Amino acid sequence: MKVLVINCGSSSLKYQLINPESGEVFAIGLCDRIGIHGSKLEFEVPAIDFEIEIEKDMETHKEALEMVIAALTNEEYGVIKTVEEVDAIGHRLVHGGEDFSSSILIDEEVMAAVEANNGLAPLHNPANLMGVRTCMALMPGKPNVGVFDTAFHQTMPAKAYMYALPYADYKDLKVRKYGFHGTSHKFVSTTASEIMGNPEKSKIIVCHLGNGASVSAVKDGECVDTSMGLTPVAGLMMGTRCGDVDPGALIYIKNKRELTDKELDTRINKESGILGIFEKSSDCRDLEIAREKGDERAQLAIDMMTYRIRAYIASYAAAMGGVDMICFTGGIGENSSLIRSESLKGLEFMGVELDQEVNGVRKKGNVKLSKESSKVAIYKIPTNEELVIARDTLEIVNG
Ligand code: ADP
């Protein structure tokens, strides 16, 4: 079985050809700067350590996917003879609103329902749908499955997802918390449960810390709360996103600086977070290097970031009446021993004891980071969103 996993952004197309049963990745890569001058295709075959970059203007996603198919079927370095070998296509779809609580076989009706949620993710949903339409046109007859970022969080109770705004805003405009990174939270919490021996009852907190970052509380296999909201700008302090902030502050800044809606949107999504405080970079590695050199702003950004992670962990433990395992994933969660250790500082009162020595050593795969005496297990669990998409696709195609 071979599933082509597609993650289509407004000017990019990421892809992987995966065996959903074994997890083997036959090929992986991305098309960048689609519709912008200087676009290029990156193509990699991990099994033979082969990598190639092809620079060629791609006007639209159609040209991009054509290049992906040409690379996949290339006589010299391709991994399949024809696209007929692709059994199904799995798409990352960002916002399913309240309409989708699981993955689904995509047809016209599904596409119309996703389109109806475009207003909730104006940058992502139209791009995702373009990816689906392009695949349908270039690989007719193949099943296309949609896997939503929001689906895993649809189990949240109303007390967690409602905002205390006029109820009409929920009823008329669907304004509520949806949450994102759902495939990652699902994958990591499922892996955590497997590590625990799949108990019937479990309380897991997943910290997905990458450029975008979110925490979720997963009780007995179901998400009960998560830190992102109607949009992915809420919750933790991120690379360039502000996370939680007093909404009154935004109105004040908008008025004082005479910003348009678009400028305010750019400010909270692209100019805030680590970048906003540190000012030199949005990258956590740069931040850590600067902190070591005594940069006070870098220290402040790290303190702010980890204080908020810690506060979310404690509040989700309170929400679930305890916690069995805390998991770290994403580029920062998997790699930064400093952020993990700072985030857990002060949580000893609830039985969290990090093994500093193990935490400081870089090791691949799932790694237990807590001391034997710790009441709460702490793990680093590398996420694999593409594998979740491929597996969901397989499950749905097999009915
Ligand atoms: P995205 O949300 O774009 O998928 P990633 O999950 O790839 O992001 O995470 C990117 C972040 O991970 C960056 O801030 C990067 O600095 C950070 N990161 C990667 N490796 C390390 C490392 N060794 N130490 C600290 N941070 C790291």
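Note that the structure is predicted; figures quoted are calculated from it, not measured. We count ligands from 1, going down the list as the structure has it; atoms in each ligand are counted the same way.
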(message) Suppose we measure from atom 18 (N) of ligand 1 to each protein heavy atom; which comes out shortest, and what is that distance?
(response) Gly331 O, 3.6 Å

(message) Tell me the protein heavy atom at minimum distance from atom 24 (N) of ligand 1, and give that distance in Å.
(response)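 Minimum-distance protein heavy atom for atom 24 (N) of ligand 1 reads Arg285 CG, 3.7 Å.
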
(request) Classify the angle between the aromatic ring planes of Tyr178 and His95 as parallel (below 30°), tilted (30 to 60°) or perpendicular (above 60°). (result)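 Rings of Tyr178 and His95: perpendicular, over 60°.
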
(message) Exactly one of Asp244, Val245, Asn269, Thr240 should register a side chain to side chain contact (heavy atoms under 4.5 Å, CB included) with Val233. Which one does?
(response) Asn269

Considering only heavy atoms of [X], which atoms of ligand 1 have at least one such atom less than 4.0 Å away?
{"X": "Ser336", "result": "25 (C)"}
{"X": "Gly212", "result": "2 (O)"}
{"X": "Glu288", "result": "25 (C)"}

(request) May I ask you to identify, for Arg362, whether its side chain, its backbone, both or neither come under 4.0 Å of ligand 1 on a heavy-atom basis? (result)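 Side chain only.
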
(message) Going by a strict under-4.0 Å cutoff (protein heavy atoms only), does atom 26 (N) of ligand 1 have a neighbour on the protein?
(response)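 Protein heavy atoms within 4.0 Å of atom 26 (N) of ligand 1 - there is at least one.
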
Is there a donor-acceptor contact under 3.5 Å linking the side chains of [X] and [Y]?
{"X": "Asn198", "Y": "Ser193", "answer": "yes"}
{"X": "Thr191", "Y": "Glu194", "answer": "no"}
{"X": "Thr383", "Y": "His181", "answer": "no"}
{"X": "Asn128", "Y": "His91", "answer": "no"}

(request) Following the transitive rule for hydrophobic clusters with a side-chain heavy-atom cut-off under 4.5 Å over Ile, Leu, Val, Met, Phe, Trp and Tyr, establish whether Leu13 and Val145 coincide in one cluster. (result) no

(message) Geometry only, no angles: is Gly210 polar-contacting ligand 1 at N/O separations under 3.5 Å?
(response)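 The answer is no, given that Gly210 and ligand 1 share no N or O pair closer than 3.5 Å.
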
Looking only at non-hydrogen atoms, which of [options] approaches [atom] most closely?
{"atom": "atom 11 (C) of ligand 1", "options": "Thr383, Asn335, Asp286, Ile332", "value": "Ile332"}
{"atom": "atom 16 (O) of ligand 1", "options": "Ile274, Asn211, Leu209, Asp283", "value": "Asp283"}
{"atom": "atom 14 (O) of ligand 1", "options": "Ser282, Gly273, Cys284, Ser184", "value": "Cys284"}

(message) Does this structure show an ion pair linking Arg297 with Glu279, if we count only N-O contacts that are shorter than 4.0 Å?
(response)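 A salt bridge links Arg297 with Glu279.
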
